[in-house]
Each structure stands twice: as C-alpha cells, then as structure tokens.
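Just below is one structure, and these are the notes that go with it.
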Amino acid sequence: MNIGTLAVSRHVTRDYGQLRCAGRFNNAINFLTEKDHLLTLHRAGHGLSPMGWQIGSGDFDRVLQRLPVAGCGRFSLEGLTLGTITIGLQGKRRNLALSERAEVPMQPLTGVLLPVTAPCGLFGPLGHIVARPLNPELTTLSRCFSRWLQGDEVDWRSVLGKGPGLTPSNDDTLLGMLLIAYLDNRVEVAALQPFFKRTAALGELTSRVSAHYLHYAEQGIFSTPLHGLAQGLSMPERLSSAIDEVLRLGHFSGADTLLGVWLGVIAINALY
C-alpha cells in the first residue's frame, strides 16, 4: 500500500536507517531512529509537530491496523517503509519556527482562562489556578523564568519530568513559557542564555518525546496548535478558539501548556 504525506515538518530528522515503533496512539505513532531521534506520524486534523509527518485520517487508520507487531520499519530519503506500507514524501514542507511577534498583555488572556475547567496534571483546574495566588511551586517556577529573562542561567533539573503524561506536566509548562518568550516582542531570546544551558541532557531527565519537543522549543520551533495559539494571542478575536484547540492536546498537556503561557505573560509584564 502506497500513501502520500499531506504535510511534513522541515525540521524532521534525517537520521536515515532502521526505525522502531516507540508508541501507538489514536492520533500519533512515534518512531525512533537508530540514534534515538524521534519521528512522528500524525493523523490529519490533529496538528503537526516539529518531528512530524501528517497523513490523511483514513490512511492513518490503515497504518495503525497494518503496522507490524514489532513496529519495525525503514526511513530513507524517499520516505518510510513499514512492512507492506510505503509512505512517500509529498505535500507542503512546513517551517515551524515561530515568526509571529506581538506584545502580549495580561488581558484578554486571563479572562479567557478563568472559566477553563480542564485540569492541569499537578495543580488542578486551570481556571482555579488563574483565579488564586500562585502556590509556592508555581511561584518558584515563575521566579526562575523571570531570572532567565533577565540574563541568568537557570538549572531546570528539579522541574523537568514531573507530572503525568507522555510529556510530563512541568515540561509542557516550560514549553508554554518558551512560546511566550519567543512571541512577545519585548523579549530578545537570542540575547539571553540558552534556556537549558545549565541543565543536563534532556533525555536523561524526562521522556524521549518530551525531550524532543523541548529541544525544538528552545530554538523557537513549535507544533502547529501552538502557532495557532500565538496568532490568537496576537489577535484577541481568535484567542478563544485557539485556546480550545490547545486544550484538545492530550489529557493534561493543553492545560499545562496554557499554564506556562500565562505564567510567562505574568513574568514578562512584570519586567517590561
């Protein structure tokens, strides 16, 4: 069976060779290359990650059904070979580096988040967090982010990997902070210390999947739903729908990412 991609991230690894399946889900299938680089197949309609290839929903179902039990395959310049399935490179190559820039105030973001009942992985419903003073752990996280914004090197080892999920909650929160740092035009990330400069290899502190997302986020490269959120933060009339899209990411990931965005907005507006 031959399948063509609908869209491909231009940031996908070129570590060609053998692949092994690292996880099968309803809307994504994760593979690891021989050097443990992540490549993800996404179902159309559920976003595209920096590590991703997107295929049609029906094609995705067929891959999920026919993928060899061992989950082995081969990755080449021409595409993926998974048993009797060949997935060829077609469609648009997406540059997922964030180019959007805007000054992001506290409102309307806070107002839109207040009624959100979706739970964060560690701290309960997002709207409750927004409505109350920050707890000690979130206060510390916010202060560390503020220090980084002011030019300090921050060691994130005590933060990474905490919380439930394939991408742990605190990791998603850091991802949201990085998104707002790259988005807000008062912040020049290129002039700051690399976000994880003082942190050990990410793969030793959290899941492989999360480490890949954070590696790209440190460079200002984000999945398409987060690009939509950045546009919503720049154009308030789109904010509610963009937040709804992010909240569909995983069980906790969307709310945890939005928590990071909100904490980042607080820190940036306190400094500028």
Side-chain angles (χ1 to χ4, degrees), residues 3-13 21-32 37-64 80 87 89-100 116 118 120-121 126 165-169 171-180 182-183 207-235 238-261:
I3 294 171
T5 55
L6 301 178
V8 176
S9 165
R10 64 176 289 184
H11 313 283
V12 166
T13 180
C21 184
R24 311 171 191 220
F25 307 95
N26 288 335
N27 300 311
I29 304 172
N30 292 323
F31 297 94
L32 287 171
H37 295 159
L38 186 68
L39 190 152
T40 301
L41 276 183
H42 297 281
R43 183 193 295 273
H46 294 269
L48 178 70
S49 73
M51 305 81 68
W53 290 17
Q54 188 183 79
I55 60 177
S57 184
D59 286 335
F60 186 92
D61 285 334
R62 285 185 278 275
V63 172
L64 203 58
L80 300 181
I87 303 176
L89 282 171
Q90 298 176 15
K92 187 176 181 181
R93 292 178 182 265
R94 297 284 303 272
N95 180 1
L96 298 179
L98 188 69
S99 58
E100 196 89 22
V116 173
C120 294
L126 178 58
L166 186 63
T167 55
S169 295
D171 298 12
D172 288 326
T173 299
L174 291 180
L175 191 75
M177 288 177 158
L178 281 164
L179 177 72
I180 201 65
Y182 274 96
L183 173 63
S207 71
R208 284 194 182 98
V209 172
S210 190
H212 277 77
Y213 275 105
L214 291 170
H215 166 74
Y216 282 110
E218 186 180 26
Q219 303 170 64
I221 300 168
F222 301 93
S223 63
T224 52
L226 295 191
H227 279 262
L229 178 60
Q231 292 173 3
L233 289 163
S234 305
M235 294 175 277
R238 298 186 182 181
L239 183 57
S240 292
S241 59
I243 284 175
D244 287 342
E245 182 179 1
V246 172
L247 287 171
R248 289 195 287 270
L249 300 175
H251 189 63
F252 299 113
S253 287
D256 286 322
T257 302
L258 289 167
L259 173 60
V261 168

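Start at 1 with the first residue, then count along the sequence.
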Problem set entry | Side-chain touch T257/T173, heavy atoms, less than 4.5 angstrom | no

Problem set entry | Distance, nearest 0.5 Å, that separates OG1 of T13 from NE2 of H37 | 5.0 Å

Seminar exercise, completed: When every non-hydrogen atom of L6 is compared with those of A44, the smallest separation belongs to CD1-CB, 3.8 Å

Problem set entry | Closest contact, heavy atoms only, M177 versus G260 | CG-O, 3.3 Å

For this session: May I ask you to test the I29-V63 pair for a side-chain heavy-atom distance under 4.5 Å?
Result: yes

For this session: Would you give the length of the straight line joining atom NE2 of H212 to atom CG of L32, rounded to the nearest 0.5 angstrom?
Result: 7.0 Å

Seminar exercise, completed: CG (L259) and CG (L174) are apart, to the nearest 0.5 Å, by 10.0 Å

Seminar exercise, completed: Taken to the nearest 0.5 Å, the spacing of H42 NE2 from Q54 CD works out to 8.0 Å

Exercise. Looking only at heavy atoms, which two atoms of S169 and G121 are closest? And how far apart?
Worked result: OG-CA, 3.2 Å

Hey, can you pull the donor-acceptor pairs under 3.5 Å for the side chains in residues 222-233, sequence neighbours left out?
from : atom 1 : to   : atom 2 : distance (Å)
T224 : OG1    : L48  : N      : 2.9
H227 : NE2    : L96  : O      : 2.7
H227 : NE2    : F222 : O      : 3.2

Problem set entry | Side-chain touch R24/N30, heavy atoms, less than 4.5 angstrom | no

For this session: List in chain and number order the residues that pass side chain to side chain donor-acceptor pair (under 3.5 Å) with E218, two or more places apart in sequence or in another chain; answer none if no residue qualifies.
Result: none

Exercise. What closest approach, in Å, do P50 and Y213 show between heavy atoms, and which atom pair accounts for it?
Worked result: CD-CE2, 4.2 Å

For this session: May I ask you to check whether S253 and T167 show a side-chain donor-acceptor distance below 3.5 Å?
Result: yes

Exercise. Closest approach of T40 and A28, non-hydrogen atoms and distance?
Worked result: CG2-CB, 4.0 Å

Exercise. Does any non-hydrogen side-chain atom of L175 lie less than 4.5 Å from one of D171?
Worked result: no

For this session: Would you check if P168 and S210 make a side-chain contact, meaning some heavy-atom pair closer than 4.5 Å?
Result: yes

Seminar exercise, completed: One should read off an interatomic distance between L39 CG and C21 SG, to the nearest 0.5 angstrom, of 11.5 Å

Problem set entry | Sole candidate of M51, H215, H11 that passes side chain to side chain contact (heavy atoms under 4.5 Å, CB included) when paired with I221 | H11

Problem set entry | Partner set under salt bridge (charged side-chain N to carboxylate O under 4.0 Å, His left out) for R248, not counting sequence neighbours | none

Exercise. To the nearest 0.5 Å, what is the distance between CG (L89) and CH2 (W53)?
Worked result: 4.0 Å

For this session: Taking atom types as modelled, find out whether S9 and R94 have a side-chain donor-acceptor pair closer than 3.5 angstrom.
Result: no

Problem set entry | Pairwise side-chain contact, L41 with L80, heavy-atom cut-off 4.5 Å (strictly under) | yes

Problem set entry | Heavy-atom closest pair, residues R43 and F60 | NH2-CD2, 3.4 Å

